[in-house]
Structure formats: C-alpha cells, structure tokens
Colleague: 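This is the structure I have questions about; it appears just below.
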Amino acid sequence: MFKKGNKMNYRQGEKGNVLFLILIAVVLFAALSYAVTQSSRSGGGDASSETNLVNSAQITQYPAAVRTSLVRMIIGGTPLDTPITFNTPSDFTSTINTAIKQRRNAFHPAGGGATYADAPGDVMATGAPGVWYFNANFDVPNIGTSGAGGNDLIAFLPNVALGICNKLNSEHNISSIVTWNPTDNLIADSLVDGETLPATDQTDFPAGLSGQPFGCFQDTSNNQYTYYHILIER
C-alpha cells in the first residue's frame, strides 16, 4: 500500500512540473510576440529599406570584381593605355578572335577573366535586368590625376530604380542626387571594340560628385538614374 501511494505522489509531481514548464513557455512566447510587434512599429522591420540595402550591395560588388580583373591584367603586363575591351562572351568567336585581343578583353579567360553579368532586375526601374557600360571619356574631379590623360575608366549602370539610387548615395555619404547631362553618350562610347583611353580631358563630370569613386546621378538627357563606379583611376 505504501509503494502504490508513493507512485501516485511521483505522478502528481510530474504533472505539476509539466504544467509549470508549459506556463513558462506561454510567458516567453508572449514576451517574444510583444518584442516583434514593438520592433515593427518602431521601423525595425522596414522590409523595403532592408531590401534596398541588399540590392544596392549587389550593384557595388559587381564592378568591384571587374576592377580586380583589370588590375590582374595590368599586373600581367597589359598597359592601361592599350585598347582594353569589354566585349561580352558572345563576341569571343567573332570580334575577340585573336590572341592579343583576348589578352586585352576584361571578360575573356585569357584576359581579365571577369564574369560577365547583367544587373538584377530588382535594382532597375523597369524590373528587367540592366546592362553595364564601360567608358573612358570622363575625368572625375579629385580622383587620380586631373588634366590631359587623366580620364578614368568607369562602369555605368543606367536606369537604376530611384530607391536604389538613394540608398547607394546614402551608403556612400552623398547627400543628394546630382543632375547631369553628359556631353558624351555613356552607351555609344562604351569600350566594346577596342579603344585606347582618350588623352583629351573631359571636365564636365558633375562637381557635386567630386572626389567620389562611385555614386548615383540623374541623367537629364533621358531622365534616368545612373550608377557609376570607377574601375581604374588615372
């Protein structure tokens, strides 16, 4: 009789412990729910801002990778003032069809070996993938050497979404979006057929971006927001 009663006491104690653990779990869940709600109300759950931050990082990482490939080419013996090209892999069997052209191409395995890729549609105003253009017709003030021969090699991404443009400038400590009407077409003058970097100094790059190696501006010729990223400063 004593052993049977002792077993009943143990079972009652186990039930008490289970109820106590359940009560603690309920309290913790309620506290967690309250914390999440307060965080969302205070703006800590701003999904749009976080998405823009992630997408803007994708834009800056790609030209940085291309820059690394160009530096590898230069270290390997390709002078910067030789015709460096950015023809895509679709041109490898036609335009980029000789050994010397391949060595001077940023994307060819025998040259820079950079990976060619479009910008993701999430960062573009149209929602469709964006095309990068590479240009050496401009000299960003207070970057590298100014004057004749000081043109910088720059990657441009036109038609970036406004929210992404604002986030990019914010991350780079640029207070506002500068407006600019380039005198040279950023797309038509891109380095795809092999050009030497021009010796003529272009001084019309907006003063509001002086000293900024990357940033976003509004192109007033087409009312598009364009991101630029200096690949090689001269």
Side-chain angles (χ1 to χ4, degrees), residues 52-74 80 84-88 105-107 111-125 129-146 150-182 184-192 195 197-198 202 204-219 221-222 224-234:
N52 285 342
L53 179 60
V54 172
N55 290 339
S56 64
Q58 295 181 56
I59 291 183
T60 59
Q61 288 169 1
Y62 181 70
V66 175
R67 174 186 170 92
T68 299
S69 298
L70 293 176
V71 171
R72 188 183 303 119
M73 290 174 63
I74 296 171
L80 186 58
I84 296 176
T85 63
F86 292 85
N87 293 68
T88 65
N105 182 267
F107 300 115
T115 300
Y116 176 78
D118 290 333
D122 292 343
V123 305
M124 307 305 297
V131 178
W132 287 93
Y133 298 92
F134 305 91
N135 195 296
N137 284 359
F138 303 100
D139 176 14
V140 181
N142 296 321
I143 294 289
T145 301
S146 297
N151 290 18
D152 302 305
L153 182 54
I154 306 174
F156 291 96
L157 180 62
N159 209 21
V160 174
L162 176 58
I164 300 297
C165 193
N166 283 324
K167 176 59 69 174
L168 286 164
N169 281 356
S170 174
E171 291 299 311
H172 298 151
N173 296 318
I174 301 174
S175 59
S176 62
I177 297 178
V178 176
T179 57
W180 180 37
N181 185 358
D184 289 284
N185 191 299
L186 302 179
I187 298 175
D189 294 332
S190 58
L191 300 173
V192 293
E195 305 175 25
L197 295 178
Q202 300 290 339
D204 66 341
F205 207 87
L209 294 173
S210 176
Q212 295 289 351
F214 21 67
C216 196
F217 61 86
Q218 183 179 10
D219 187 340
S221 67
N222 52 26
Q224 293 181 352
Y225 297 98
T226 299
Y227 175 70
Y228 78 93
H229 193 119
I230 296 179
L231 301 178
I232 300 294
E233 57 276 1
R234 301 175 68 230

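Remember, it's a predicted structure, so these values are computed and weren't measured experimentally. Computed over heavy atoms, backbone and side chain alike; hydrogens, waters and symmetry mates excluded.
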Colleague: Can you give me the closest heavy-atom contact between L157 and A119, atom names plus distance?
Modeller: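 It is CD2-CB, 3.6 Å.
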Colleague: Would L153 and F86 count as a side chain to side chain contact (heavy atoms under 4.5 Å, CB included) if you check the C-alpha gap in whole Å, the side-chain angles of each, and the deciding distance to 0.1 Å?
Modeller: CA-CA 11 Å; L153 182 54; F86 292 85; 4.0 Å; yes
Colleague: In chain order, what residues pass the side-chain contact (heavy atoms from CB on, under 4.5 Å) check against T179, with sequence neighbours excluded?
Modeller: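 Testing T179 for side-chain contact (heavy atoms from CB on, under 4.5 Å), a comparison that skips the adjacent residues, returns Q218, T220.
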Colleague: Between CD of Q212 and CZ of F217, what distance do you get to the nearest 0.5 Å?
Modeller: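 Here the interatomic distance stands at 13.5 Å.
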Colleague: Please list, chain by chain and in numerical order, all residues satisfying ring pair (Phe, Tyr, Trp, His ring centres under 6.0 Å) with Y228, sequence neighbours excluded.
Modeller: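 Expected list: F205.
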Colleague: Mind checking what makes ring pair (Phe, Tyr, Trp, His ring centres under 6.0 Å) contact with Y62, not counting sequence neighbours?
Modeller: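 Checked Y62 against ring pair (Phe, Tyr, Trp, His ring centres under 6.0 Å); matches are W132.
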Colleague: Considering non-hydrogen atoms only, spot the tightest contact between P213 and G211 and give its length.
Modeller: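 Of all heavy-atom pairs spanning P213 and G211, the closest is CD-O, 3.4 Å.
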Colleague: Where do S176 and N169 come nearest, in terms of heavy atoms and distance?
Modeller: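 Closest approach of S176 to N169, heavy atoms only: O-ND2, 3.6 Å.
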Colleague: If every non-hydrogen atom of A114 is compared with every non-hydrogen atom of S69, which pair is closest and at what distance?
Modeller: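 The answer is CB-OG, 3.3 Å.
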Colleague: With sequence neighbours excluded, tell me which residues meet side-chain contact (heavy atoms from CB on, under 4.5 Å) with M73.
Modeller: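 M73 satisfies side-chain contact (heavy atoms from CB on, under 4.5 Å) with L70, T78, I84 once adjacent residues are dropped.
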Colleague: Kindly compute the distance separating OG1 (T85) from CG (N105), expressed to the nearest 0.5 Å.
Modeller: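 Reported to 0.5 Å precision, the distance equals 3.5 Å.
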Colleague: Once you round to the nearest 0.5 Å, how far does OG1 of T226 lie from OH of Y133?
Modeller: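 OH of Y133 is found 10.5 Å from OG1 of T226.
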Colleague: Tell me whether the rings of F214 and H229 are parallel (<30°), tilted (30 to 60°) or perpendicular (>60°).
Modeller: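 F214 and H229: tilted rings.
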Colleague: Among residues at least two apart in sequence or on other chains, which ones pass side-chain contact (heavy atoms from CB on, under 4.5 Å) with N159?
Modeller: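 side-chain contact (heavy atoms from CB on, under 4.5 Å) list for N159, sorted by chain: M124, A125, T126, Q224.
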Colleague: Does S210 have any side-chain contact (heavy atoms from CB on, under 4.5 Å) partners at least two apart in sequence or in another chain, and if so, which?
Modeller: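 Only P141, N142 meet the side-chain contact (heavy atoms from CB on, under 4.5 Å) criterion with S210.
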Colleague: Heavy atoms only: give me the nearest P63-A155 pair and the separation to one decimal.
Modeller: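 In terms of heavy atoms, the two residues are closest at CB-CB, 4.3 Å.
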Colleague: Are side-chain heavy atoms of C165 and I177 found at a separation under 4.5 Å?
Modeller: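 In short, these two side chains touch, coming nearer than 4.5 Å.
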Colleague: In Å, rounded to the nearest 0.5 Å, how long is the span from CD1 of I174 to CG of N166?
Modeller: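 If I round to the nearest 0.5 Å, the distance is 11.0 Å.
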Colleague: Of all the heavy-atom pairs spanning S221 and N181, show the shortest one and how long it is.
Modeller: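 That closest heavy-atom pairing would be CB-OD1, 3.4 Å.
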Colleague: D152 versus D139: any side-chain heavy-atom pair under 4.5 Å?
Modeller: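 In contact.
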Colleague: Are the side chains of T60 and H172 in contact, using a 4.5 Å heavy-atom criterion?
Modeller: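 Of all side-chain heavy-atom pairs linking T60 with H172, at least one is under 4.5 Å.
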Colleague: Are any of the side-chain heavy atoms of D219 and P182 separated by less than 4.5 Å?
Modeller: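 Contact flag for D219/P182 side chains = yes.
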Colleague: Given side chain to side chain contact (heavy atoms under 4.5 Å, CB included), test L209 with W180 step by step and report yes or no.
Modeller: CA-CA 10 Å; L209 294 173; W180 180 37; 5.9 Å; no
